[in-house]
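Written out below as structure tokens is the structure these notes cover.
First the proteins, then the strands, lettered A, B, ... as listed; each starts at 1.
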There are 2 protein chains.
Amino acid sequence: MTAPTISSFNCGDCPIRHRAVCARCDSDELEELDAIKYYRTYEAGRPIIWSGDSMNFVGSVVSGIATLTQTMEDGRTQMVGLLLPSDFVGRPGRDGAAYNVVATTEVVMCCFRKKPFEELMARTPHIAHRLLEMTLDELDAAREWMLVLGRKTAREKIASLLSIIARRDASLTPAGAKDRMVFDLPLTREAMADYLGLTLETVSRQMSALKKDGVIELEGKRHVTVPDMGRLLEEAGDDSDGGFLG
Amino acid sequence: MTAPTISSFNCGDCPIRHRAVCARCDSDELEELDAIKYYRTYEAGRPIIWSGDSMNFVGSVVSGIATLTQTMEDGRTQMVGLLLPSDFVGRPGRDGAAYNVVATTEVVMCCFRKKPFEELMARTPHIAHRLLEMTLDELDAAREWMLVLGRKTAREKIASLLSIIARRDASLTPAGAKDRMVFDLPLTREAMADYLGLTLETVSRQMSALKKDGVIELEGKRHVTVPDMGRLLEEAGDDSDGGFLG
DNA sequence: CGCCGGTTTGACGGCAATCAAATCTAGTGG
DNA sequence: CCACTAGATTTGATTGCCGTCAAACCGGCG
């Protein structure tokens, strides 16, 4: 029932070595981190952390995708973050979790016991600086998302989400075609709705509309082809390039 | 025409000494900051920074209120942050500003030239840690706001904004009556609308409705009395206490 | 084959946006 | 001191987008 613990592997071979909170660490620092780290795997759909629970670890997503959500008492749900490989989970210096974290796909986490991590961070500027940098990036992303949530139409919201996912895929894939893009949606329609502040019916309708208008092509429910990225960005209401091309 | 530069004063007497980015600094560190700081005053309504401009300083709001906004080409505007005394402006390590920063009231900023500040931060963990802490707080606030923008009704949005402003006032005012609260709105109806992802007409209507229903009392347009804070929090859709009372 | 979760599509209604006009408030100058 | 003006706010009438409720569809799996 419980997710298995995978065997430790070497930080040098870690797929997120150069992007996670440990990105700036030298080999000595890495050794210290290694001493307090352990891996843990969560099955798709399983909660990783529940809002309000006290957390005894922080850590990085090594592989897979997880969501950060907030809910109201009556069940209304808003996603407030999407966690991808290298993203950091948990807040040093705070005990209780502020959000629900749920594995969307199978997720492997590199966990650090919280106390030792905090102590290590206090004497290791490389870690603290990297964490600051990552937090500032997340803050920017959250603020960009506030514009989407507050001011964009349903159609623009969907286009915004698709372009963000496409951009992210592009950053992993070595520079390929900028015009045509192909990717798999890592989210259900309901998760997309929770991300965008819509209902799943509206998400479905707008996906169909974008397909009908030739902005996207769909194979099955999840496999998306964007024939013209510029067109998608226009639909998202961003400037024609959005810092994406050129 | 140009805002006057006020004369420097001693950090020891600074009203935000214990809450700003310098909160953890000892007297030596304060002296180093003092060497690169200067004060600057902006009149109400004046832009402090324009999105895309390159910034040659970072700094703290000493007094007054400023807004952080994003806009789309067609003019749709979303506020993404409200800057109060002690809040930090600017991002170390980045040249261009990502948002518009506008003074809502007269604002006094304690500015640091960016390069020297970055260098100082690199060798002063007290500053880096405090900035991380403040950034994490802002990230939490932004995520809380995403729930408001994405999932709350107009009435709940207004109640949420009022309770946030009330809470903030309470944190300044020494613990007074928790039940009844009185404060002045620092924002116009339009700014409230930009914060909440609404139109100013809807803001006005909902303010009138909350007044009619006895949730708030208004004296003039800006002076608000909340007779029962618990009631307001209910209207905001938060748990009955919202971490505010008790 | 039949169930089940995820998804699509349809019909309808409501909440907030839009368009428009009245009212209030604070300056300004006569 | 008061009329006048500009900006902020309130209020009203109407529209339309998106949410709600409901039913059909689809693919996968026991």
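- Within the 4.0 angstrom heavy-atom criterion, base atoms lie near A:Thr199.
- Separating the CD atom of A:Glu190 from the C1' atom of C:dT8 is a distance of 15 Å, rounded to the nearest angstrom.
- One N or O donor and one acceptor, one from the side chain of A:Arg205 and one from the base of C:dG10, sit under 3.5 Å apart.
- Base contact: A:Ser204 has a heavy atom under 4.0 Å from a base atom.
- When the nearest nucleotides of DNA chain C are assigned to A:Arg151 and A:Leu218 by heavy-atom distance, the more 5′-ward of the two goes with A:Leu218.
- Although no hydrogens or angles enter the test, the distance criterion places no donor-acceptor pair under 3.5 Å between the side chain of A:Asn100 and the main chain of A:Val102.
- In this structure, B:Leu198 reaches the sugar-phosphate backbone alone: every heavy-atom distance under 4.0 Å involves primed, P, OP1 or OP2 atoms, never a base.
- Within a 6.0 Å radius of CD in B:Glu190, no more than 12 heavy atoms belonging to other residues, nucleotides or ligands are found.
- Using the six-membered ring where Trp is involved, B:Tyr38 and B:Phe57 have ring planes that are perpendicular, over 60° apart on the 30 and 60° scheme.
- Counting to the nearest Å, the P atom of C:dC15 and the NZ atom of B:Lys157 are 14 Å from each other.
- Backbone-only contact: B:Arg222 has heavy atoms under 4.0 Å from sugar-phosphate atoms and none from a base.
- When the P atom of D:dC18 is taken as reference, atom CG of A:Leu149 falls 13 Å away, rounded to whole Å.
- Rounding to whole angstrom units, CG of residue A:Leu200 and C1' of D:dG19 are separated by 11 Å.
- Across all strands, A:Gly45 comes closer than 4.0 Å to no nucleic acid atom at all (heavy-atom distances).
- A:Gln206 has its CD atom 13 Å from the C1' atom of D:dG16, to the nearest Å.
- For B:Arg189 against D:dT11, no side-chain N or O and base N or O form a donor-acceptor pair under 3.5 Å.
- A:Lys211 has its NZ atom 10 Å from the C1' atom of C:dT8, to the nearest Å.
- The phosphate of C:dT9 has OP1 or OP2 within less than 4.0 Å of a side-chain N or O from A:Ser208.
- Regarding A:Met192, its CE atom lies at a distance of 12 Å from the C1' atom of C:dT7, rounded to whole Å.
- Comparing A:Glu201 and B:Met207 against DNA chain D, the residue whose closest nucleotide sits nearer the 5' end is B:Met207.
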Test side-chain contact (heavy atoms from CB on, under 4.5 Å) on A:Val89 and A:Tyr99; report intermediate values, then the result. CA-CA 10 Å; A:Val89 177; A:Tyr99 315 103; over 6 Å; no
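- Here the C1' atom of nucleotide D:dC18 and the CD1 atom of A:Ile158 are 12 Å apart, to the nearest Å.
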Run A:Arg231 and A:Glu235 through salt bridge (Lys or Arg N to Asp or Glu O under 4.0 Å) and show every step you take. CA-CA 6 Å; A:Arg231 174 79 193 284; A:Glu235 293 285 355; 3.3 Å; yes
